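Just so we're clear, the structure is a prediction, and the values are computed from it rather than from any experiment.
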Amino acid sequence: MNEILDKLNPAQKEAVTCTEGPLLIVAGAGSGKTTVLVNRIAYIIDRGLAAPYQILALTFTNKAAREMKERITALLPGFSGDMWIGTFHSICVKILRRHIDLLGYSNDFVIYDTIDSRAVMKECIRELDLDDKQFTPRGVLSVISGAKNNSMDADTFETIYKNDFRMSVIAQLYKLYQQKLKKSSAVDFDDLLINTVKLLSLNPDLLERYQNRFRYILVDEYQDTNNIQYLLISLLAGGHHNICVVGDDDQSIYKFRGANVGNILSFESDYEDAKRVTLDQNYRSTQTILDAANAVISHNGSRMEKKLWTSNGGGSKLHAFTARDEYEEARFIARTIKKQHDEGGARFGDFAVLYRTNAQSRVLEEIFMREAVPYRVLAGLRFYDRKEIKDIVAYLRLLSNTSDDTSLRRIINEPKRKIGAATVDKLTAASIADDCSVYDIIKNADAYADELKSSAGRLKEFYALIESLRKLVDTIPLTQLITRVINDTGYLAMLEAEDTQESLTRQENINEFINVAAEFEKNPEYNGRLSEFLEGVSLISDIDSYDEDEDAVVMMTIHSAKGLEFPTVFLTGLEEGLFPGMKSITSEDDIEEERRLCYVAITRAKKDLYLTKARSRTVFGKTVPARASRFFEEIPKEYTEDLSAPASLAKSFVRSAGKSMSDYFSGGDAQSDPLDFNKGDIVEHRKFGRGTVVSVKQFGKDAILEINFESIGYKQLMAAFAKLKKL
DNA sequence: AGCTAAAATGTTTTT
DNA sequence: CATTTTAGCT
């Protein structure tokens with residue numbers, strides 16, 4: 001143990017050994033925060049201050065939790081299994097699975113993700129016969145989520161806003177929404193936290209049990225906690241105050257999700273005897289990168305005092321590039337990476353491309369594919385959010401919990417069983433009238449012969465199908481169950497019959513899902529309960545599957561990149577209106593949040609940081625001019641070298657020498673030359689898949705290609721627009 | 001009921 | 001522009 005302490009700097013050592021009472025660790029980016037947390041836990045165990053099961057560590061991502069567990073295992077083999085290390089949400093599930101019946105829910109509850117919640121809210125809006133232009137599921141849910149984060153239940157919400165017409169309507173929706181969730185034995189993400197707090201507040205004996213159990217509580221990314229998470233922590237730490245929180249107010253980037261920076265700013269007044277340790281020595285980046293980060297963040301007001309420094313040395317300057325448009329920007333990035341890979345011996349995995357919005361990944365992907373640079377996109381559409389996966393999961397949920405109306409509604413006619421909207425409406429009406437689940441109505445379809453006469457037979461078939469699968473739930477392994485589901489329901493047959501590029505991809509995704517289930521089954525901690533598997537599915541995000549050993553450039557949003565580091569980072573789209581985003585430009589508070597996001601992005605880089613922007617960008621299909629982001633301007637020019645050819649020089653270069661810097665990055669690739677296609681070429685189209693060029697007709701500078709596609713047969717395409725890949 | 005075609009609509013960011 | 005929702009037709 002002592003030799004481990006020797007590797008820490010004085011501030012880190014203090015943070016590790018100061019075990020008793022409230023402790024605030026202000027940890028700047030790259031200052032060894034996880035190292036401190038892990039060593040602190042090891043220190044507590046080593047000193048015999050607590051047994052492993054008395055440790056509770058809360059994180060925001062599964063990835064952070066997993067990393068913590070792995071690093072603890074490296075220090076203390078075999079101990080991490082007993083510790084409660086997990087995300088706020090997963091720890092809450094763990095508690096609720098045991099006791100949520102005290103709140104009137106079934107302990108087999110399901111967790112609804114954003115998509116499910118929206119489906120429920122859509123039903124609510126329809127049921128109350130509201131104008132769906134004025135009340136969108138998304139908008140209403142965001143108001144409700146805000147209310148939940150301030151511990152406001154539907155009744156309180158109604159009372160508070162009784163003089164506000166719009167809010168009163170939302171109060172009714174809030175009530176109905178909660179009613180529907182409860183009826184389905186379902187909870188949404190916010191409910192996981194709220195219900196845990198409610199449970200512990202209403203049951204003092206239970207609270208005392210958990211307070212006594214968790215002798216030491218650690219919270220990661222404390223600046224991102226919301227009010228409910230704050231309450232939960234206060235409850236659990238209420239007895240002993242052995243609460244250690246780690247965070248960086250400069251990296252608070254989740255205000256839109258209810259995060260309250262005030263939590264970290266007022267920690268010392270919340271806990272009178274709190275100690276504070278500041279970690280500002282950075283072990284990740286070069287001094288130049290830190291100088292740039294410091295320069296940007298210093299434009300924010302009301303920050304906790306700290307300034308990152310390092311002994312790593314200055315390193316190279318930041319690299320700036322201004323492109324004509326987003327395509328040239330992408331080309332610059334792809335070719336710069338390719339060059340460093342081919343000539344500089346860099347790994348593709350050393351590079352990360354970061355952007356503000358997921359939409360920006362499309363152009364990047366297109367260019368990377370064309371330039372043959374291996375890449376991996378994280379997030380965007382979550383794997384588990386794909387239609388086919390949600391469908392299979394809906395079947396499984398229904399098998400596990402027949403009162404889950406939302407899942408039933410999702411799959412009752414998927415594949416088509418001739419049970420359409422009209423029938424589902426009748427079923428829903430009956431279930432409301434009789435206060436039971438839709439599945440119960442189907443089960444007793446005979447009793448509703450008048451309303452359901454035409455579809456009674458099909459409903460019976462559906463009931464028999466689900467019942468036959470339900471018998472298997474506890475008797476066969478997970479992977480076999482899923483296989484039975486896709487076979488017996490006809491889901492697989494439907495995809496096979498479709499026989500398109502898209503349906504093939506869906507089949508592959510389902511196979512991948514079965515692989516995930518197989519992995520899950522192998523985990524010794526898995527207790528064989530279907531609901532546990534389903535809960536894993538709900539709480540996992542794509543960033544959790546990021547594999548740093550894979551040799552591919554990784555692309556993701558800045559939000560997803562928090563907590564990660566890369567030798568070389570490309571920070572893209574540094575334009576007003578994009579980063580900072582259009583919606584934040586009018587509010588100083590929002591601009592500060594965007595600036596923190598920029599700070600997070602800059603501090604991901606270890607050695608090299610590229611800052612790229614475009615002079616014009618396509619937004620909603622229209623090309624609009626863009627000017628440099630204020631954040632870009634906030635970085636002193638002496639830290640950067642400009643790689644873009646000055647616009648005025650570019651022309652003369654082309655005229656005289658033929659090739660300029662920006663020319664090199666903007667054109668000249670064979671794929672975009674329409675003349676390059678010949679009869680007999682095998683090509684691949686993004687939508688239509690593989691095909692053979694049958695004829696080429698010149699059409700001005702462009703050409704019309706006739707192609708025989710394997711999937712859809714003959715089709716004519718303009719060569720310049722078809723985005724074809726030659727094979 | 002289900003298909004196709006036209007229209008509308010949306011871009012932050014995510015556990 | 002790209003996806004999702006709706007209208008109109010079979």
Self-check item: Partner nucleotide of C/dA7 by Watson-Crick or wobble geometry (both distances under 3.5 Å)
Solution: B/dT4
Practice problem: Report which part of the nucleic acid A/Lys416 touches: base, sugar-phosphate, or nothing (heavy-atom distance under 4.0 Å, all strands). | Solution: sugar-phosphate
Quiz item: Is A/Tyr254 stacked on the base of B/dT13 when the test is centres under 5.5 angstrom and planes under 30 degrees?
Solution: no
Quiz item: Quick one: is A/Lys583 getting a side-chain N or O under 4.0 Å of the B/dT12 phosphate, OP1 or OP2?
Solution: yes
Quiz prompt | Atom-pair distance (CG on A/Asp425; P on B/dA1), nearest Å | solution = 10 Å
Self-check item: Closest contact, heavy atoms only, A/Asp590 versus A/Ser584
Solution: CB-CB, 3.5 Å
Self-check item: Whether A/Phe533 and A/Phe513 hold their rings parallel, tilted or perpendicular, with breakpoints at 30° and 60°
Solution: tilted
Self-check item: Interatomic spacing from CG in A/Leu232 to CG in A/Leu58 - rounded to 0.5 Å
Solution: 7.0 Å
Exercise. Using the C1' atom as the reference point in each nucleotide, state the distance between B/dT11 and C/dT6 in Å, no decimals.
Key: 23 Å
Quiz item: Which base sits across from B/dT14 as a Watson-Crick or G-U pair, both distances under 3.5 Å?
Solution: none
Quiz prompt | Atom P, compared across B/dT13 and C/dT4: separation rounded to whole Å | solution = 15 Å
Quiz item: Contact class for A/Asn413 vs. all strands (heavy atom < 4.0 Å): base, sugar-phosphate, or nothing?
Solution: sugar-phosphate
Practice problem: Select from A/Arg458 and A/Phe60 the residue whose nearest nucleotide in DNA chain B is closer to the 5' end of that strand. | Solution: A/Arg458
Practice problem: Taking the six-membered ring for Trp and the full ring for Phe, Tyr or His, determine whether the centres of A/Tyr254 and A/His559 are under 6.0 Å apart. | Solution: yes
